[in-house]
Visitor: 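Can you keep this structure in mind? I'll have questions shortly.
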Amino acid sequence: MKNFDYDVIVVGAGPAGSTAARYAAAGGAKVLMLEKDRDVGYPVRCGEAVSHEGVAQFIKPDPKWIASSVSKFRLIAPNGSSVLPKLDGGGYVLERRIFDYELAKLAANEGVEVITKAYVYDLLREDGKIVGVKTLIKDQKVDIRSKIVVAADGVESRVGKWAGMDTTCHIRDMESCAQMTLSGIEVDPDVLDFYFGDEVSPGGYLWVFPKGKDTANVGLGLSVEEAKKKSAIKFLHEFVDRKFPKAAMLTHIAGGVPCAKTNPEIVKENVILVGDAAHQVNPVSGGGIISGMIGGMIGGQVAAEAIINGEISHLREYSKRWHKRLGWRHDIFYNIRNAIGNFDDKTYNNICDSALKLPEDKRTLGGIFRAALWNQPSMILDVARVFLS
Amino acid sequence: MPQPHLMIHIVPGKCDYCGCCVGVCPEDAIELMESKIALIEDRCTNCRKCVWACPWEVIEFHREGVDHLPKETPQIINEAVKF
């Protein structure tokens, strides 16, 4: 940090922030990335599952950040019956603390400067215009100037609010999550498990994602409307006591996932939002790593173009490109999420029974989805829009 | 409109600093750092969204004169962080 003047400051060094920084620098911008925690990639607040196809477009899969390669997923109904379809293209359970490091290194290789334990407490303004950020770096107040600010500050984003964008997540859309990494247990290292039903996670799901054959991320998310009645941590403890009573607990974390449509505004003046801060999470799965990285990539590319052209108003292009690439799909997934949120135990059991009646080779996600539609016809319109667009 | 008496309490030491509460706070009334969290009293309207959202039941709501206040001092600051 030789002088405090940058083209782009990225606030937050998660996957979305690192990817935004990487592409902004690759496009020719001078970039600084700030992380409030002392480490990039830690603590991990994530189930850590991604598809091969999604992750491989950004980084070559590497055993050092892959805890498990998975090829199937199991959907477990409230009555205990289950289906085990193949996962098209396969996927991974990551070691995020290493994965996030590698993404930050890719950014650093493009020339991005990185500072950790750097907390952004406000935007820096001059004559009413945003000209950078106010930070507390290792307890020292430091103002840093930039032409563009990229807010990749996660579910707890405040940078967007300071810029005048309302990023508050409605409580019906926020998933209140708790997760433990359990060891000394037996799991199938090749299978992602999803449990449904009122006993484990009303309106959401509980996941058991393997990290090898004796360790797994066991967590759940439920909408805050449900969490009002009973908290995520209570549901998780009950499940773990029942299912893995002798497990060793390696980590124990809380988290929030904004399962909403993309935030109505993701660009304002010279500030853009990416990742969880922009609500770029798949509202059905709650997965936000790949979609956040796609948002980060588009945001970084557009930011670099704006700098090179000297046209900050070009940032509006980011919103257009995001919606064209994924935002439109998330809007539809959001409606599907709302339909699934109303499923009761009987519906889940019926879907599972219908899926089990299918010949084994037809037990794909598509086949199960058709079984779900049969049980919930109102979803048909939404799904038709996804596949016909 | 901010109310005069803060009824939201973050139980010190129990917080995991995950930010779920910040994500649902409509008033930007929670300050969250790496291992520090605080309510900004001027802004809190006692809406309780943070209480419901907290996955770990770290945030409590106390009605004045009805509930017992926690013995520990709640972490409260009077305005946005001015370091």
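The structure displayed is predicted, hence computed values, not measured ones. Just so we're on the same page: letters track the sequence lines, and every chain starts at 1.
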Visitor: Dump the intermediate steps for side-chain hydrogen bond (donor to acceptor under 3.5 Å, both in side chains) on A:Lys243 and A:Tyr195, then the final yes or no.
Guide: CA-CA 12 Å; A:Lys243 187 90 179 170; A:Tyr195 291 79; 3.2 Å; yes
Visitor: Quick one: which of A:His252, A:Lys117, A:Lys134, A:Lys234 has the most heavy-atom pairs under 4.5 Å with chain B, could you say?
Guide: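 When all of A:His252, A:Lys117, A:Lys134, A:Lys234 are compared, A:His252 has the most.
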Visitor: Does any backbone or side-chain atom of A:Glu225 lie under 4.5 Å from a heavy atom of chain B? Answer side chain, backbone, both or neither.
Guide: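 A:Glu225 has no heavy atom closer than 4.5 Å to chain B.
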Visitor: For a 4.5 angstrom cut-off between non-hydrogen side-chain atoms, does A:His279 reach A:Thr262?
Guide: no
Visitor: Examine whether an atom of B:Cys54 lies under 4.5 Å from a heavy atom of chain A, and if so say whether it belongs to the side chain, the backbone or both; otherwise answer neither.
Guide: backbone
Visitor: Is A:Lys161 in contact with chain B via its backbone, its side chain, both, or neither, using a 4.5 Å heavy-atom distance?
Guide: side chain
Visitor: Looking at side-chain heavy atoms only, is the closest gap between A:Met33 and A:Ser18 below 4.5 Å?
Guide: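 Yes, side chains in contact.
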Visitor: Tell me which of these, A:Thr168, A:Leu236, A:Asp139, A:Leu222, has more heavy-atom pairs under 4.5 Å with chain B than the rest.
Guide: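 Max contact count across the listed options: A:Thr168.
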Visitor: Less than 4.5 Å to any heavy atom of chain B: does that hold for the side chain of A:Thr167, its backbone, both, or neither?
Guide: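 A:Thr167 touches chain B through backbone heavy atoms alone.
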Visitor: Between chain B and each of A:Met174, A:His170, A:Lys229, count heavy-atom pairs under 4.5 Å; write down the option with the most.
Guide: A:Met174
Visitor: Taking A:Glu156 first and then A:Arg45, would you say they form a salt bridge - that is, a charged N and a carboxylate O separated by under 4.0 Å?
Guide: no
Visitor: In terms of heavy-atom proximity below 4.5 Å to chain B, should A:Cys169 be classed as side chain, backbone, both, or neither?
Guide: both
Visitor: Closer than 3.5 angstrom, by distance alone: can the side chain of A:Gln179 be matched with the main-chain N or O of A:Asn217 as a donor-acceptor pair?
Guide: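 No.
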Visitor: Ignoring hydrogens and angles, tell me if any N or O in the side chain of B:Arg43 forms a donor-acceptor pair with the backbone of B:Asp28 under 3.5 Å.
Guide: yes
